[in-house]
Amino acid sequence: MSPETLAGNKFILSRAEVDSLKSKLDLDTEQLLLELISSVKKNARPLISNYYVGAVGLMRSGKIIFGNNLEFKGIPINETVHAEQFLTTLALLENEQLEKIAISAEPCGFCRQFLNEIKGASKELKILVPGKEPKHLGELLPDSFGPDNLNMNESVYSSRDHKLVLEKPTEDKLVISALKSANLSYSPYSNSYSGVAIRMDDGSIYSGFYIENAAYNPSMQPINAAIIRLVSEGKEYSAIKEMVLVEQKDASILQAAVSNIILKAINPKAEFRVIYARTK
């Protein structure tokens, strides 16, 4: 039985499922990660390039999480989500810590910088590429620029609660979900907290928070984090009913304009609201 058949369309495999796959296929963990790359690629949504990328990550918990590239027609290509970004963001949303990544080719410079936000990744994060010797991130990104250069002690894996409260209290579950995500933001460089929650036609809600990077540009916007979450559940953009962004009105970084552009590109019929919050 192939890894593709066993893994199905899941984006997260439990430790038990990983152990079962290893036993059935007679593979060790790193071999399994490499074997899964080809099956993971099929879930990509490369609407512009038609270039499918899949990334497979081992978590410290023993789980495996998948990532794919996402492209959005009608907006600048810098909004593209790379497979490594997808994987890392989904792991953060799941409160999982990344230990190894398997991908069909070495990560691009953009993704190396994104991964470099993980404290200790230079020496600890292992990159696996078929047919090549494994390397740690530091070998692919020597003399790097990261949190340490800015004397940042906070880790992207740290638990966070920014104590934001809504300017106008509400019982709207979508707004509350976006607020909860905003309070989980990793934004130590600008202290600009924001979160997005998306409601689908079936009533399900998917949320995501802002993830900053020391080099700024590879930062993950909260709308893209929320999109990663809904894609990981096999949902289609056409099923998006409405989206709420919670952010601070006076923040250095505001997400409303770009969030509206991305949402209208993937589903022009979806409703968009911005709700403001403040620190207690």
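Counting from 1, the numbers follow the sequence of the chain as shown.
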TODO: For the pair L90 and R229, evaluate side-chain contact (heavy atoms from CB on, under 4.5 Å) and give the outcome as yes or no after the intermediate values.
DONE: CA-CA 7 Å; L90 184 55; R229 171 63 84 182; 3.9 Å; yes
- [ ] List the steps, then state whether side-chain hydrogen bond (donor to acceptor under 3.5 Å, both in side chains) holds for K22 with T29.
- [x] CA-CA 7 Å; K22 287 163 59 178; T29 302; 2.8 Å; yes
Open item on the list: Applying side-chain contact (heavy atoms from CB on, under 4.5 Å) to N224 and L70, what does each step give before you reach the verdict?
Closed with: CA-CA 9 Å; N224 285 341; L70 306 175; over 6 Å; no
TODO: Walk me through it: do R45 and V231 pass the test side-chain contact (heavy atoms from CB on, under 4.5 Å)?
DONE: CA-CA 9 Å; R45 301 187 183 185; V231 169; 3.8 Å; yes
TODO: Please step through side-chain contact (heavy atoms from CB on, under 4.5 Å) for the pair M243 and I198, ending with a clear verdict.
DONE: CA-CA 4 Å; M243 183 180 88; I198 295 174; 3.6 Å; yes
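Not a single donor-acceptor pair under 3.5 Å links the side chain of E99 to the backbone N or O of M59. Looking only at distances, a side-chain donor or acceptor of E71 sits under 3.5 Å from a matching main-chain atom of S49. A donor-acceptor pair under 3.5 Å links the side-chain atoms of K42 to the main chain of S39, judged by distance alone. At least one donor-acceptor pair closer than 3.5 Å links the side chain of N267 to the backbone N or O of I240. Checking side-chain atoms of S219 against main-chain N and O of Y216 turns up a donor-acceptor pair under 3.5 Å. Between the R278 side chain and the L164 main chain, no donor and acceptor come within less than 3.5 Å of each other.
Interatomic distance, OG1 of T88 versus CD1 of I118, reported as 5.0 Å (0.5 Å rounding). Between the OG atom of S187 and the CD1 atom of I253 there is a distance of 9.5 Å, given to the nearest 0.5 Å. Note that the CG atom of L115 and the OG atom of S122 stand 11.5 Å from one another [nearest 0.5 Å]. Between atom NZ of residue K100 and atom CD1 of residue I64 there is a gap of 10.5 Å, rounded to the nearest 0.5 Å. F272 CZ to I261 CD1: the interatomic distance, rounded to the nearest 0.5 Å, is 10.0 Å. Rounded to the nearest 0.5 angstrom, L92 CG and L87 CG are separated by 9.5 Å.
In terms of heavy atoms, F110 sits closest to N217 at CZ-O, 3.8 Å. Across all their heavy atoms, E84 and C111 have their closest contact at OE1-SG, 3.4 Å. Contact detail for N69 and P46: the closest heavy-atom pair is ND2-CB, 3.7 Å. Across all their heavy atoms, A214 and E117 have their closest contact at N-OE1, 2.8 Å. The two residues Q85 and P218 come nearest to each other via the heavy atoms NE2-O, 3.6 Å. Scanning all heavy atoms of the two residues, the minimum distance from L93 to A225 falls at CD1-O, 3.6 Å.
Sequence neighbours left out, the pairs with a member in residues 242-256 that pass side chain to side chain donor-acceptor pair (under 3.5 Å) are R199-E242, E242-R273. Screening residues 126-135 for side chain to side chain donor-acceptor pair (under 3.5 Å) gives E30-K126, E106-K132 as the qualifying pairs, with residues at least two apart or on separate chains. Listed by first and then second residue, the side chain to side chain donor-acceptor pair (under 3.5 Å) pairs involving residues 146-159 are K119-D148 (not counting sequence neighbours).
When side chains are defined from C-beta on, Y276 does not count as touching K168, because their heavy atoms never get closer than 4.5 Å. Contact annotation: the side chain of L32 never approaches that of L58 to less than 4.5 Å [non-hydrogen atoms, C-beta and beyond]. In this structure, L36 and F66 have side chains that are in contact, with non-hydrogen atoms separated by less than 4.5 Å. Side-chain atoms of S204 and K235, non-hydrogen and from C-beta on, do get closer than 4.5 Å to each other. Taking the side chain as every heavy atom from C-beta outward, P107 and I127 approach each other to under 4.5 Å. Taking the side chain as every heavy atom from C-beta outward, L128 and I103 never approach each other to under 4.5 Å. I262 places a side-chain heavy atom less than 4.5 Å from the side chain of I75. By the 4.5 Å heavy-atom criterion applied to side chains, D28 and Q31 are counted as neighbours.
Put simply, the residue from R15, E94, E96, Q97 that forms a side chain to side chain donor-acceptor pair (under 3.5 Å) with S61 is E96.
Cluster membership for V40 and I37, using ILVMFWY side-chain heavy atoms within less than 4.5 angstrom, is shared. Both L174 and I275 sit in one connected hydrophobic cluster of ILVMFWY residues. Membership requires side-chain heavy atoms under 4.5 Å apart, directly or through other members. The cluster map of Ile, Leu, Val, Met, Phe, Trp and Tyr, joined by side-chain heavy atoms under 4.5 Å apart, puts L98 and L141 in different clusters. Side-chain heavy atoms closer than 4.5 Å link hydrophobic residues (I, L, V, M, F, W, Y) into clusters, and following such links, even through other members, never connects V196 to L254. In the hydrophobic clustering of this structure, L47 does not group with I266; members are Ile, Leu, Val, Met, Phe, Trp, Tyr whose side-chain heavy atoms approach within less than 4.5 Å, directly or through other members.
Here T80 pairs with nothing under the side chain to side chain donor-acceptor pair (under 3.5 Å) rule; sequence neighbours left out. For E124, the side chain to side chain donor-acceptor pair (under 3.5 Å) test picks out R60, with sequence neighbours left out. Residues that satisfy the side chain to side chain donor-acceptor pair (under 3.5 Å) test with Y210, not counting sequence neighbours, are E212.
The 12-atom threshold is exceeded at CG of D201, counting heavy atoms of other residues, nucleotides or ligands nearer than 6.0 Å. A 6.0 Å sphere centred on CG of D161 holds more than 12 heavy atoms belonging to other residues, nucleotides or ligands. Heavy-atom neighbours of K264 NZ from other residues, nucleotides or ligands within 6.0 Å: above the threshold of 12.
Residues Q221 and S259 have side chains that never bring a donor and an acceptor to within less than 3.5 angstrom of each other. Using a 3.5 Å distance cut-off with no hydrogens or angles, the side chains of T170 and D172 do not pair a donor with an acceptor.
Note on ring orientation: taking the six-membered ring where Trp is involved, the planes of F11 and F86 are parallel (angle under 30°, cut-offs 30° and 60°). Between H162 and Y193, the angle of the ring planes stays under 30°, which puts this pair in the parallel group of the 30/60° scheme.
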